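Throughout, protein chains are lettered first and strands after them, A, B, ... in sequence-line order, and every chain is numbered starting at 1. Being a predicted model, the structure only gives us computed values, none of them experimental.
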Amino acid sequence: MAQLPILQFEEKIAETVEKSAVDVVIGETGSGKSTQLSQILHRRGYTKSGCIAVTQPRRVAAVSLSRRVAQELNVKLGEEVGYAIRFEDRTSEKTLIKYLTDGVLLRESLSNPELSQYSVIILDEAHERSLNTDILLGLMKRLIKLRASNLKVLITSATLDGEKVSRFFSNCPVLNVPGKLFPVEIQHASEKPKSYLEAALKIAIDIHVREPEGDVLIFMTGQDDIEKFVSKMEERIQNLEEGSCMDAIILPLHGSLPPELQVRVFTPPPPNCRRFIVATNIAETSLTVDGVVYVIDTGFVKQRQYNPSTGMYSLDVVQISKVQATQRAGRAGRTRPGKCYRLYPSVVYKDDFLDATVPEIQRSSLAGSVLYLKSLDLPDIDILRFDFLDAPSSEALEDALKQLYLIDAIDEDGTITSLGRTMAELPLEPSLSRTLLQANEHGCLSEALTVAAMLSAETTLLLGQSKSNEKKRNEKKRKHTPSNLPDGSGWGDHVQLLQIYELWHQTDYDIDWCKENNLQVRGMMFVKDVRKQLSQIMEKIAKGPTDVKTSRKRKEDQDYRALRRALCTGYANQLAERMIHHNGFRTLGFKSQLVQVHPSSALKSDEDGMLPNYVVYHELIATTRPYMRNVCAVEMQWVRPILAKLDKINIAKLSGGISQSHEKVQKENINLPKDDANVADPVDDRESKILAARERFLARRGGKA
DNA sequence: GAGCACTGC
């Protein structure tokens, strides 16, 4: 342990922390900050008055770091040193050093806003700027004022962002701890390549032919590019003259790869063999591959962004930031001096790249975060002026307020309601929390719990695919031989998810059943865990009796009315209306968008080929077109009060009084689109339009009404 | 009639 650079700074760190309530620690990879800071402060007596918390953005990190520290201190994990992640709390009354995800710390602060059990809080990896870390940063700024005498806060960050964090905390001290990285020689391209794929291939082959042994890590944007690269690379390696260079293994690495294929990168290569690991940014932070000496950086990343005016997400390929470029290059210098080949000119890096990645808080829907902050009852009620390191746009905050108002979490003045308080207790998006509470009133809590849990794991549900060809074949097959899974009885995807889980429940959670039906076992187990957690919380917080048991009997002929009605209340902020003459929908409540039901949806059309008049959707996502993903049919009479409420929205009031002109702009955004002559009562207007259209249709056909 | 970066309570 003695060789860790940070230990040479122990005295300095202790002195600085003693003097200042907040410190920024800049520690490069390999500095040992994540395992040593907590131990240093423990040695210096900070655990006498409380526990030391170290937050991590990822669960695996919290677990593995606590393991290491327990080992180094020679204690049993879960006693003096422990960890807490969702579903798993391995701490005890003896615990002095606790590693936890930032999400867990936020939950803890809900029941104990002063976090009084902690004498030290270390926000580790703050430069990653996860949504939760950013909220914690704001909360820490308040907390050190409240607990000035007995709380120390340390924030670890990257070189490029340290000064900014320090300024945020009234110019608090910045400690620099060198890392243990080997030098990495950086080579920039002389100009932007026409094709990144080709440029990366060329460099990869060059390295393989010319450079001494050492693995190559190539950063690409997504699965598609990775698969293309792998097949072309294999082709070119085969074309090389036999015996002219060492063997090669080419490994793809991305999130949708099944875990057993992901771990292949941890097996060292056989002798005289070079590995090419073709990865997304999963290899930037989440997975560390040993043996990498060469990095090829395309300079791009795929990023999800939210547009608050339309309520729509999109997944865009964007330029990486300087912090990310440094992080990627650093992956080449972990075991010995390395090289990083950047496929962009240095002037692009210097002039075009942002210093740091746009923080998640500026790219997400904030309904959940705003509800969380409101439920903390901070003295400065005005959420629009909450002290963020990087504030989200007022548009994004107002969008969040509007959404919360529509689902009754806040009242028209923006004050949190008792319903909203209860919703904040649930680890779910506000829409789903609202659905659960409403479902409890309609006697369908058990179904709603299942739906909410299934949606929480939705992306991990489908069985992973190993090869794209195989995938395509399977898909064709699926088209002709319909799956044995239920179809949602035509009501849509929420009902289908419910029916799938109920079937699995009937098999007593049989693992083989999942495999037979192309469902990821881990995903389904996760759903089971989430459902259990949600049930426990509901039993604790719900008023009146609750019924959380999963239904055993399949009710073939039911119309899921109660559940769909609860969903309609919960998703009042995610509502869409079908166009009169075709199956396109327009969103209500946002700047109106023409959107389609996602082709994978289970929603069925009627005998005339028409989809339901109204649906609620779980997510709007723009891919090749704007799509609604996971939709549920709802009834017109349930929609009516929502439309009335939409029309009443006063953003200025919701956000605690902004200027009138501001209000006007907002109103235009939320009003129904222009082709609705009668904005005051669009439903009635719509009904008459439908009747008129039907009459015209019958007249054309020569039929009778 | 399509396609998915990565986390987390």
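Ring-plane geometry between A:Y313 and A:Y306 is classed as tilted, the angle between the planes lying from 30 to 60 degrees on a 0 to 90 degree scale.
Between A:L257 atom CG and B:dA5 atom C1' the separation is 14 Å, expressed in whole Å. The nearest whole Å value for the distance from the CZ atom in A:F219 to the P atom in B:dA5 is 15 Å. Taking atom OH on A:Y627 and atom P on B:dG1, their separation rounds to 9 Å, with Å as the unit. Nucleotide B:dC6 holds its P atom 16 Å from the CD atom of A:Q327, rounded to whole Å. Protein atom CE of A:M220 is 17 Å distant from nucleotide atom C1' of B:dC6, rounded to whole Å. The distance between atom CD1 of A:I621 and atom P of B:dA5, rounded to the nearest whole Å, is 11 Å. Following rounding to the nearest Å, A:Q596 (CD) and B:dG1 (P) show an atom-to-atom distance of 10 Å. Atom P of nucleotide B:dC6 and atom CG of A:D102 are separated by 19 Å, given to the nearest angstrom.
Of the listed nucleotides (B:dG1, B:dG8, B:dA5), B:dG8 has the atom at the smallest distance from the side chain of A:T101. Set against B:dC6, B:dG3, B:dA2, the side chain of A:H254 has B:dC6 as its closest nucleotide. Side-chain proximity of A:V104 to B:dA5, B:dC9, B:dA2: nearest is B:dC9. The side chain of A:N281 has B:dA5 as its nearest neighbour among B:dT7, B:dC4, B:dA5. When distances run from any side-chain atom of A:T623 to the nucleotides B:dC9, B:dA5, B:dA2, the shortest one goes to B:dA2. The side chain of A:Q223 has B:dA5 as its nearest neighbour among B:dA5, B:dC9, B:dC6.
A:I85 comes within 4.0 angstrom of the backbone, heavy atoms only, and of no base. At a threshold of 4.0 angstrom between heavy atoms, the contacts of A:S130 with the nucleic acid are absent. Residue A:V301 is out of contact with every strand shown, counting any heavy-atom pair closer than 4.0 Å. A:R107 comes within contact range of at least one nucleobase, with a heavy-atom separation under 4.0 Å. Nucleic acid contact class of A:I282 (heavy atoms, under 4.0 Å, all strands): sugar-phosphate only.
No side-chain donor from either of A:R328 and A:Q324 sits under 3.5 Å from a side-chain acceptor of the other. A donor-acceptor pair shorter than 3.5 Å can be found between the side chains of A:D399 and A:Q403.
At B:dA2, one or more side-chain N or O atoms of A:R625 fall inside 4.0 Å of OP1 or OP2 (strictly under the cut-off). A close approach under 4.0 Å does not occur between any side-chain nitrogen or oxygen of A:R629 and OP1 or OP2 of B:dA2. The phosphate of B:dG3 (OP1 or OP2) has no side-chain N or O of A:S600 nearer than 4.0 angstrom.
Across A:R625 and A:Q596, no two heavy atoms sit closer than the pair NH1-CG, 4.0 Å.
Between A:F300 and A:F219, the gap from one ring centroid to the other reaches at least 6.0 Å. Annotation: A:Y617 is not in aromatic contact with A:H494 [ring centroid separation under 6.0 Å not met].
The residue among A:G255 and A:L426 whose nearest nucleotide of DNA chain B lies closer to the 5′ end is A:G255.
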